[in-house]
Asker: 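I'd like to ask you about the structure that follows.
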Amino acid sequence: MSARPDPADRRAAPIAAVVVLAAGGGTRMKSARSKLLHEVAGHSMLSYAVDAATAVEPQHLVVVVGHQREQVQAHLTDIAPHVRTAVQAEQKGTGHAVQCGLAELGELAGEIVVTYGDVPMLTGETLKELVTTHREAGDAITVLTAHVANPTGYGRIIRDDDDTVARIVEERDAAEHERRVTEINSGIYVFDAEVLREGLGQLTANNDQGELYLTDVISVARRSGGRVGAFVIEDLWQTEGINDRLQLSRMNAEMNRRILERWMRAGVTIADPATTWIHADVDLAEDVTLLPGTTLQGATSVATGAVIGPETTLTDVEVGENATVTRTQGSLASIGAGAVVGPFAYLRPGTILEAKGKIGTFVETKNARIGPGAKVPHLTYAGDVVIGEGANIGAGTIFANYDGVTKAVTTVGRYSFVGSNSVLTAPVTIGDGAYVAAGSAVTGDVDPGQLAVARGRQRNINGWVARKRAGSKTAEAAAEASASSDAQTQQGDQS
Ligand code: UD1
Ligand code: MG
């Protein structure tokens with residue numbers, strides 16, 4: 001083996017490449033979707049692998065794809081355009097997969113990190129520690145290992161007398177005494193690039209599965225005098241791969257538990273962690289309160305003093321200071337400081353509720369800007385609207401924005417008042433300081449200061465019940481009412 005660079009140089013140099021293995025089938029997911037695209041805390045499994053790999057700032061980052069590779073490649077183009085892919089058309093083992101990855105990159109010097117695409121909890125921090133350990137020891141290979149209670153299915157770490165790693169033996173190839181070893185191979189490693197190249201060149205499929213095992217590179221390295229070390233990780237979740245939906249749900253639960261713990265330590269009150277779900281990118285301030293059944297997704301952010309829940313799901317929603325959001329479903333919306341939402345509100349994309357505004361009970365909003373202090377308190381559909389500061393929208397108002405062909409906008413001016421059970425057929429502009437009488441069907445503009453009454457005038461027809469409903473209880477009640485009012489009138493005459 002040729003001389004390796006001085007350890008001091010190695011410390012300074014960047015990692016040559018990270019190779020993420022992701023060509024395997026994932027058949028146990030029983031899914032039309034690639035296993036790697038299934039999500040943990042709102043992100044694909046693969047995106048965690050790419051994030052961890054990116055954190056070590058390698059010169060090259062290559063993902064080896066195979067099964068359902070069109071989906072995987074399209075997803076990578078979306079989330080991580082800096083990543084290259086290498087195709088492993090047929091899955092002939094982890095050693096072959098790394099060969100495919102390196103073939104994409106050409107000659108490399110330095111170190112190469114190998115990880116898996118389906119190990120979402122592994123962090124960039126851990127990879128950095130692995131690299132640091134590797135560099136400080138000056139080893140040819142460093143393996144990320146863990147001691148587990150049940151090592152079934154994993155490759156076992158066979159240590160030498162001097163405690164270095166002698167080899168890794170797969171369970172199916174292992175002797176009885178080797179199977180009793182509880183230190184397992186995570187499948188994550190740092191290799192000296194030259195050692196890896198040499199080792200991969202010498203692999204044979206001489207094992208139970210007839211595959212080219214990456215793990216066999218260790219024996220090759222040892223034979224040519226290389227030292228192989230191990231970095232033992234305590235946090236077992238970081239080596240946990242996902243193969244089926246049971247493991248996926250357990251991983252999601254653990255990821256969520258960690259996210260909630262982090263937010264509670266950061267000053268967020270979480271009334272019921274068992275029913276609260278927070279995605280990885282959500283941002284919460286101190287003194288936010290989350291009530292039971294709250295789910296916060298996407299790029300949702302909540303400012304200090306706000307109270308969310310119970311039973312609320314917000315996706316990409318910005319919540320201002322001291323706002324309250326109760327039993328609400330919302331997405332791509334913004335809720336201003338001190339605003340009140342719910343219970344039972346549905347905020348669709350483009351909803352902007354300004355400071356101290358209100359979207360109340362059984363209200364649906366879409367593309368709606370509701371000004372400071374304006375109120376839409378009950379039973380309303382507000383689509384494509386601009387509502388001015390301090391305006392009040394009565395119960396049961398419908399903003400009819402769609403004529404079956406096109407959508408149009410309705411504007412309500414500052415401090416205007418729309419009476420209950422009105423329909424405003426867009427496009428319509430209600431000026432500042434105007435009134436709409438309850439029960440109106442408004443189809444034309446209303447100027448500032450005007451009252452619009454757009455409904456039939458009330459007519460009262462005398463004697464109708466006696467004529468048309470003779471003999472009914474209603475007619476009886478009417479007769480009694482008129483008799484007693486006659487009597488009262490007479491008494492009044494006497495006094
Ligand atoms: C492998 C290791 C084993 C280790 C375990 C940790 C080998 C020979 N064995 O076992 O020591 O304990 O991982 O989980 O390396 N892959 C490809 N192409 C292939 C084969 C696999 O891309 O041809 C990818 C898979 O998509 C997966 C990863 O490599 O992400 C591991 O493959 P898998 O078959 O799960 O590894 P094991 O055989 O379980
Ligand atoms: Mg396998």
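Indexing begins at 1, ligand by ligand and atom by atom, following the structure's order.
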Asker: If you take the nearest heavy atom of each of Ile184, Thr94, Val98, Val64, which one is closest to atom 32 (O) of ligand 1?
Answerer: Thr94

Asker: Before signing off on this row, confirm whether Tyr116 and ligand 1 have an N or O atom pair separated by under 3.5 Å.
Answerer: yes

Asker: Heavy atoms only: which of Gly93, Gly24, Ser186 lies closest to atom 20 (C) of ligand 1?
Answerer: Gly93

Asker: Tell me, please, which residues at least two apart from Asp208 pass salt bridge (Lys or Arg N to Asp or Glu O under 4.0 Å).
Answerer: Arg172

Asker: Output the list of atoms in ligand 1 that are nearer than 4.0 Å to some heavy atom of Asp118, sorted by atom number.
Answerer: 30 (O)

Asker: Are Glu39 and Met45 side-chain neighbours, meaning at least one heavy-atom pair lies under 4.5 Å?
Answerer: no

Asker: Please could you name the atoms of ligand 1 that Gly155 approaches to less than 4.0 Å, counting only its heavy atoms?
Answerer: 3 (C), 4 (C), 11 (O), 12 (O)

Asker: Return yes when Gly241 approaches ligand 1 closer than 4.0 angstrom through a heavy atom, no otherwise.
Answerer: no

Asker: So does Glu254 pair up with Arg257, basic N to acidic O under 4.0 Å?
Answerer: yes

Asker: Measure across Ala86 and Cys100 and return the closest heavy-atom pair with its distance rounded to 0.1 Å.
Answerer: CB-O, 3.6 Å

Asker: Which bit of Asn185 gets closer than 4.0 Å to ligand 1, counting heavy atoms only: side chain, backbone, both or neither?
Answerer: both

Asker: Is Ala97 touching ligand 1 with its side chain, its backbone, both, or neither, if touching means heavy atoms under 4.0 Å apart?
Answerer: side chain

Asker: Which atoms of ligand 1 sit under 4.0 Å from any heavy atom of Thr215?
Answerer: 7 (C), 8 (C), 11 (O), 15 (O)

Asker: Charged N to carboxylate O below 4.0 Å: is that the case for Glu171 and Arg156?
Answerer: yes

Asker: Is Gln88 touching ligand 1 with its side chain, its backbone, both, or neither, if touching means heavy atoms under 4.0 Å apart?
Answerer: side chain

Asker: Does an N or O anywhere in Gly153 fall below 3.5 Å from an N or O of ligand 1?
Answerer: no

Asker: With a 3.5 Å distance limit and no angle check, can you tell me whether Thr304 reaches the backbone of Glu286 through a side-chain donor-acceptor pair?
Answerer: yes

Asker: Just which atoms of ligand 1 are under 4.0 Å from any heavy atom in Lys92?
Answerer: 23 (O)

Asker: Do Arg135 and Glu111 touch side chain to side chain, with heavy atoms closer than 4.5 Å?
Answerer: yes

Asker: Taking 4.0 Å as the limit for heavy-atom contacts, which would you say applies to Glu170 with ligand 1: side chain only, backbone only, both, or neither?
Answerer: side chain

Asker: Who passes ring pair (Phe, Tyr, Trp, His ring centres under 6.0 Å) against Tyr402, sequence neighbours left out?
Answerer: none

Asker: Please report the closest heavy-atom contact between Ala193 and Leu108, naming both atoms and the distance.
Answerer: CB-O, 3.6 Å

Asker: Within a distance under 4.0 Å of any heavy atom of Leu21, pick out the atoms of ligand 1 and give their elements.
Answerer: 22 (O), 24 (C), 29 (O), 30 (O)

